[in-house]
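See below for the structure under consideration.
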Protein chains: 2
Amino acid sequence: MPARWSPAGPGAAETDEGGRIVTDVTLREVARASGCSVATVSRVLAGTRPVGAETARRVREAAEELGYRPNQVARALRSRSTGTIGLVLPQITNPFFPSLVREVEHALHAEGRAVLLADCDDDPEVEAARIADLLDRQVDALLVIAADGKRSRDAVERAAAHVPLVLLDRVCGPGVADSVATDNATGMALVLDHLVTTGRRRICFAGAAGTGSAAVERLAAYEAEAGALLPHGSGRVELGDFSLEWGRTAVDRILPSRPDAIVCANDLLAIGVLQRLRQLGVDVPGDVAVTGFDDIPMMDLADPALTTVRQPVRALAAEAVHLLGHRLAGRNDGPRRSVRLAPELVVRASSAPSALRAPRGASSAPRAPRVPSVSSAEDTGSTRTPEVEQ
Amino acid sequence: MPARWSPAGPGAAETDEGGRIVTDVTLREVARASGCSVATVSRVLAGTRPVGAETARRVREAAEELGYRPNQVARALRSRSTGTIGLVLPQITNPFFPSLVREVEHALHAEGRAVLLADCDDDPEVEAARIADLLDRQVDALLVIAADGKRSRDAVERAAAHVPLVLLDRVCGPGVADSVATDNATGMALVLDHLVTTGRRRICFAGAAGTGSAAVERLAAYEAEAGALLPHGSGRVELGDFSLEWGRTAVDRILPSRPDAIVCANDLLAIGVLQRLRQLGVDVPGDVAVTGFDDIPMMDLADPALTTVRQPVRALAAEAVHLLGHRLAGRNDGPRRSVRLAPELVVRASSAPSALRAPRGASSAPRAPRVPSVSSAEDTGSTRTPEVEQ
DNA sequence: ATAGTGTGGGAAAACGTTCTCCAAAAATCT
DNA sequence: AGATTTTTGGAGAACGTTTTCCCACACTAT
């Protein structure tokens, strides 16, 4: 080891014969190289206190020369802040989440924070364990997409006692923590409004039976809206889970009641419905309109393209991060905030009025024009442009 | 602050009136409560050295009582290991990645490690910055899905000098770092073999022009295989990018040469191809067969369902983590390993032989039976070929 | 002159672990 | 019995920062 005491020569980082960096440069070494104390170097580099111009220059020079990079772990230990946020989610493979993760990651990175990712496999037990692990790792805060409305609650509540915590996309119980989610009621209202406006009257619902907030709220909203809008009240309701398979079976149960529209609580479910309907020779949207919820990627290329409710993903992420920032800045107290963001209706072929429907065949599939969002709270809205193909 | 010096009463964690935990329990407090030294407590809890039975019991009891949780940051500082792995990827919204991320995350968590996620927006500059940030955060190792075969290289190489680094799914240059990827050549061979076997002869290729390893290797494999298998050598080749849009345009360029099959370098691209073909009234698979690559989610519900090459996602993740473990355990040297895992052909409707094709209409969409993978070398799925790119 | 008032800089104490020494006690060997 | 080795436990030094003191010096205002 010859390079150990090299006096700040222009060799920068010290390497062994294999090219691996052997010694990480520390504050001490920068101090020695620039002829001043560790404290001074820290002050110059962190800018926490003014320091003489000449000294500052020497320090910066030495740091540059040696290729100094502050050790974030040491910094974290001393300053009690890791600059790290835990992101807990049920299943990254759920096609709705990647875009949300992306937006969250970018928003946090823009603030100089990093994201510790924890995938829970849709299991609240695992979720609790992962949360505990993240806390041990001293995350500054947690962003949680709860796996289950009921069974996630305990763990979330306990965690919220330690660090700022924001529930994202799915809430669990009132007052457990800050929360940011899509306004499911508004979304469902948009759908039903659209269907009724385009002449549908026998509107059924395929949903999920779980205790997740999406399942519960969307069902409730359907029942409320349908009860108000439709002559015979709400139509047949079938509850299973959020899967494609369930979408298929739901069709068999719903079809006997001769619906002219099937509202699905979720895009995946809607795809299953679409598949089964085609299999049975039911014409969509001629005989039955189908709608989804979420606008997961590729829904514009289902056959027919799926009318659905687009969640304001970027705005959700931004708002969640904003809330976290608020808690992190001030004292972590004050009342819980619960933010709901209005989604946007995306009308595609699967709900086109029968009159406008083109004959099935070789020619281009008909696409209804996109209607503008009825209530899109902010213009920061969505980047995704399913720029309708025609 | 009354609760400060409470003598290990059964109140466990100390809370203020708001329910927030004020004081995190440290080793010192456990030591005091159990009447022994910090060192001893550490030894008991970490199990680094045998300790008297009675003392151990007292310590464990006190720790339990106080709800002690080791501070991973302090531990990391001292032991120079954070138990954290950086996962760098081009775009989490690329539908191929979520499942890979999931498998990686699970595999790492099973080893008690956590994942720091960095999404680069497909930008090598951003990628370099994110890698640097992760290194500052003292990750134990890096798992990198390179954004670009060429322009990612520098940053990757520099990073590999600091920590163990495994390139995942996309390689960049030989000998830069360990790498684990799908054997694109085998995959392409499976496709062409299948097409030729089912009677296709005028097989064209829609690919990407980039320098990413997937783009390059799949093209090369197509040309090699087609040159060998087909009477007139390989067919028309069109290169753009990996997008759906390019798939659509590629069709317009390829169609004049009257192909009976279009091999796509990627599922997204294949979907675009499918869309445009349908728009133009070309029958798939009657007139033209279409194949993809990757088997991203939902490709079974495209219309027609897409024949494609399924990457061995779980095995890729497992192997990558295994390689990391190897580097982390031993000294971080020895020759670079390059592992290629054989993919699996998934035959669906889009490449059904014309004869077997069911009439378009109401009945169930035809599904060809899945053929078994032609070459899955070992049951771990691993074709361990150090250094080889055939 | 003396007392105030900044200002630039260093020494050293944290932060919560792990780990290296040492010392005492206990067990084993001559 | 003494001479070893083996256990068991404590004191305290790391790890690389940030931050709190405190001192020395140069001014300015009495």
Side-chain angles (χ1 to χ4, degrees), chain A residues 13 21-60 62-63 66-84 112 135-140 162, chain B residues 13 21-60 62-63 66-84 112 135-140 162:
Chain A
I21 294 222
V22 170
T23 313
D24 270 340
V25 184
T26 81
L27 270 192
R28 269 190 30 145
E29 316 187 36
V30 176
R32 206 153 37 82
S34 61
C36 59
S37 78
V38 177
T40 305
V41 176
S42 170
R43 290 198 267 254
V44 169
L45 266 26
T48 42
R49 241 187 52 182
V51 121
E54 168 61 10
T55 323
R57 197 192 53 71
R58 281 210 324 276
V59 166
R60 260 187 276 272
L66 298 179
Y68 169 77
R69 312 248 46 191
N71 181 326
Q72 299 292 348
V73 170
R75 192 204 286 276
L77 177 59
R78 173 62 225 221
S79 58
R80 322 184 77 63
S81 157
T82 53
T84 280
L135 289 178
D136 288 350
R137 293 193 134 90
Q138 309 291 121
V139 292
D140 288 347
H162 290 256
Chain B
I21 293 224
V22 169
T23 313
D24 271 339
V25 183
T26 82
L27 271 192
R28 270 190 29 148
E29 315 188 35
V30 177
R32 206 152 38 81
S34 63
C36 59
S37 78
V38 177
T40 304
V41 176
S42 171
R43 291 198 267 254
V44 169
L45 266 27
T48 43
R49 240 186 55 181
V51 118
E54 168 60 11
T55 324
R57 197 192 53 72
R58 280 210 325 277
V59 166
R60 259 187 276 274
L66 297 179
Y68 169 77
R69 312 249 45 191
N71 180 326
Q72 299 293 349
V73 170
R75 191 204 288 275
L77 177 59
R78 172 62 224 219
S79 58
R80 322 186 76 63
S81 158
T82 54
T84 281
L135 289 179
D136 288 350
R137 294 192 132 91
Q138 310 291 120
V139 291
D140 288 347
H162 290 258

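Side chains included, hydrogens not; waters and symmetry mates left out as well; all remaining heavy atoms used. Sequence lines set the chain letters: A, B, ... in the order given, protein chains first and strands last, and positions in each chain run from 1.
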Pairwise N/O distances under 3.5 Å, protein to nucleotides 13-17 of chain D:
from: D:dA14; atom 1: N3; to: B:Arg78; atom 2: NH1; distance (Å): 2.7
from: D:dC15; atom 1: O3'; to: B:Arg80; atom 2: NH1; distance (Å): 2.9
from: D:dC15; atom 1: O2; to: B:Arg78; atom 2: N; distance (Å): 3.4
from: D:dG16; atom 1: OP1; to: B:Arg80; atom 2: NH2; distance (Å): 2.9
from: D:dT17; atom 1: OP1; to: A:Tyr68; atom 2: OH; distance (Å): 2.9
from: D:dT17; atom 1: OP1; to: A:Asn71; atom 2: N; distance (Å): 3.3
from: D:dT17; atom 1: OP2; to: A:Leu27; atom 2: N; distance (Å): 2.8
from: D:dT17; atom 1: O5'; to: A:Tyr68; atom 2: OH; distance (Å): 3.0

Please enumerate all protein N or O atoms sitting under 3.5 Å from an N or O of nucleotides 22-28 of chain D, with distances to 0.1 Å.
none

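- Place B:Ala39 and A:Ala56 on DNA chain C by their nearest nucleotides, and A:Ala56 ends up nearer the 5' end.
- When all heavy atoms of A:Leu45 and A:Ala63 are compared, the closest pair comes out as CD2-CB, 4.3 Å.
- With rounding to whole Å, A:Arg43 atom CZ is found 11 Å from C:dG8 atom P.
- The phosphate of D:dG10 has OP1 or OP2 within less than 4.0 Å of a side-chain N or O from B:Thr40.
- Closest approach of B:Thr82 to B:Gln138, counting heavy atoms only: OG1-O, 2.9 Å.
- Distance check, rounded to the nearest 0.5 Å: CZ of B:Arg32 to CG of B:Leu27 gives 12.5 Å.
- Inter-residue side-chain proximity for A:Thr84 and B:Arg137 is flagged as met; some heavy-atom pair is nearer than 4.5 Å.
- Residues A:Leu66 and A:Ala33 approach most closely at CD1-CB, 4.0 Å, considering heavy atoms.
- Distance, A:Gln72 CD to D:dT18 C1': 13 Å, rounded to whole Å.
- The list of side chain to side chain donor-acceptor pair (under 3.5 Å) pairs with a residue in residues 33-47 of chain B, not counting sequence neighbours, reads B:Ser37-B:Thr40.
- Considering CZ of B:Arg78 and CG of B:Asn71, their distance stands at 15.0 Å, rounded to 0.5 Å.
- Atom CZ in B:Arg57 sits about 17 Å away from atom C1' in D:dT8, given to the nearest Å.
- In terms of heavy atoms, A:Val30 sits closest to A:Val59 at CG1-O, 4.1 Å.
- Computed from coordinates, the B:Arg32 CZ to D:dG10 P distance equals 15 Å when rounded to whole Å.
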